[in-house]
K.L.:
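Dropping the structure in here first, questions after.
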Amino acid sequence: LLPIRRAKIAVPVHSSKLTPILPPLTILQPDHEGKLWYFLDDEKQQLGPMSFDALSRAWKEGKIGERTYVWNEAMENWQLFQDVIKPSES
C-alpha cells in the first residue's frame, strides 16, 4: 500500500504587532536628489552608501527614525533625519 499524502493547508499567521503604514519620504533640499546616503545606527556604526530608495526602506522597516543621523556628499556634516527628510503629505 502507498502512504496517504495529506494536503498541507496554508494557515494565515496573525501577528500581535501591527506594522504602521508610513507615507513616502521627501528630500527637503533639491541638491540632495540622486546622492548616495549613509546613516548611523543605534551603535553609531555607519551604514551605506545606499540609494534614497534604500534609505526609505530602512525608515519603513524601523531601522532609522527622525533622530537618526544621516549624511550624503552634498552635506557638510551629519544631520538629523528629521532636518533633511520628511514624510510626504498626502
Side-chain angles (χ1 to χ4, degrees):
L1 291 173
L2 296 173
I4 298 173
R5 291 189 181 204
R6 300 187 189 268
K8 292 186 180 182
I9 300 172
V11 178
V13 177
H14 297 284
S15 174
S16 61
K17 294 181 181 178
L18 296 176
T19 304
I21 298 174
L22 301 172
L25 298 174
T26 301
I27 301 171
L28 297 177
Q29 297 293 324
D31 62 333
H32 293 215
E33 297 279 343
K35 303 294 184 192
L36 292 175
W37 291 84
Y38 299 80
F39 73 89
L40 299 179
D41 67 10
D42 292 337
E43 288 80 39
K44 303 298 182 222
Q45 295 294 314
Q46 178 179 305
L47 297 166
M50 66 186 67
S51 66
F52 183 71
D53 286 341
L55 187 74
S56 295
R57 275 192 306 278
W59 179 69
K60 288 178 181 178
E61 293 168 359
K63 295 178 182 176
I64 60 176
E66 293 180 340
R67 309 275 317 151
T68 300
Y69 281 94
V70 296
W71 183 86
N72 69 49
E73 64 265 20
M75 299 166 61
E76 288 187 31
N77 297 304
W78 290 87
Q79 295 183 26
L80 290 174
F81 180 91
Q82 66 187 8
D83 296 336
V84 181
I85 301 164
K86 71 171 184 163
S88 298
E89 307 221 352
S90 302

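Since we're looking at a predicted model, the values are computed, not measured.
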K.L.:
Return the minimal non-hydrogen interatomic distance between S51 and L36, and the atom names on each side.
P.N.:
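That would be N-CD2, 4.3 Å.
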
K.L.:
Can you measure from CD (Q45) to CG (L40) and round to the nearest 0.5 angstrom?
P.N.:
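Answer rounded to 0.5 Å: 9.0 Å.
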
K.L.:
What are the two closest non-hydrogen atoms of D31 and K35, and how far apart are they?
P.N.:
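Looking at all heavy atoms of both residues, the shortest contact is O-CE, 3.2 Å.
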
K.L.:
Any side-chain heavy atom of L47 sitting closer than 4.5 Å to one from K63?
P.N.:
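Counting from C-beta outward, L47 and K63 never come under 4.5 Å.
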
K.L.:
Test side chain to side chain contact (heavy atoms under 4.5 Å, CB included) on V70 and W59 and set out the steps.
P.N.:
CA-CA 11 Å; V70 296; W59 179 69; over 6 Å; no

K.L.:
Mind checking whether W37 and I64 have side chains closer than 4.5 Å, heavy atoms only?
P.N.:
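The answer is no; the side chains never approach within 4.5 Å.
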
K.L.:
What distance do Q79 atom CD and W71 atom CH2 have between them, rounded to the nearest 0.5 Å?
P.N.:
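Q79 CD to W71 CH2: 11.5 Å, rounded to 0.5 Å.
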
K.L.:
With rounding to the nearest 0.5 Å, note down the distance linking OG1 in T26 to CG in L28.
P.N.:
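One gets 7.5 Å once the value is rounded to the nearest 0.5 Å.
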
K.L.:
Linking I/L/V/M/F/W/Y whenever their side-chain heavy atoms sit closer than 4.5 Å, directly or via other members, would I27 and W78 fall into one cluster?
P.N.:
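Yes, same cluster.
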
K.L.:
Could you tell me if the side chain of L80 sits less than 4.5 Å from the side chain of R67, heavy atoms only?
P.N.:
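Heavy-atom side-chain distance check passes, below 4.5 Å.
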
K.L.:
Looking only at heavy atoms, what is the nearest atom pair of A58 and F39, with distance?
P.N.:
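Taking A58 first and F39 second, the nearest heavy atoms are CB-CE2, 4.2 Å.
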
K.L.:
Within the 4.5 Å heavy-atom criterion, are I85 and F52 side-chain neighbours or not?
P.N.:
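With C-beta onward as the side chain, the pair touches.
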
K.L.:
Nearest 0.5 Å please: distance from the CD atom of Q46 over to the OH atom of Y69.
P.N.:
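Those atoms lie 15.0 Å apart.
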
K.L.:
Are more than 12 heavy atoms from other residues, nucleotides or ligands located less than 6.0 Å from atom CD of E66?
P.N.:
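For E66, atom CD is not crowded (no more than 12 foreign heavy atoms under 6.0 Å).
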
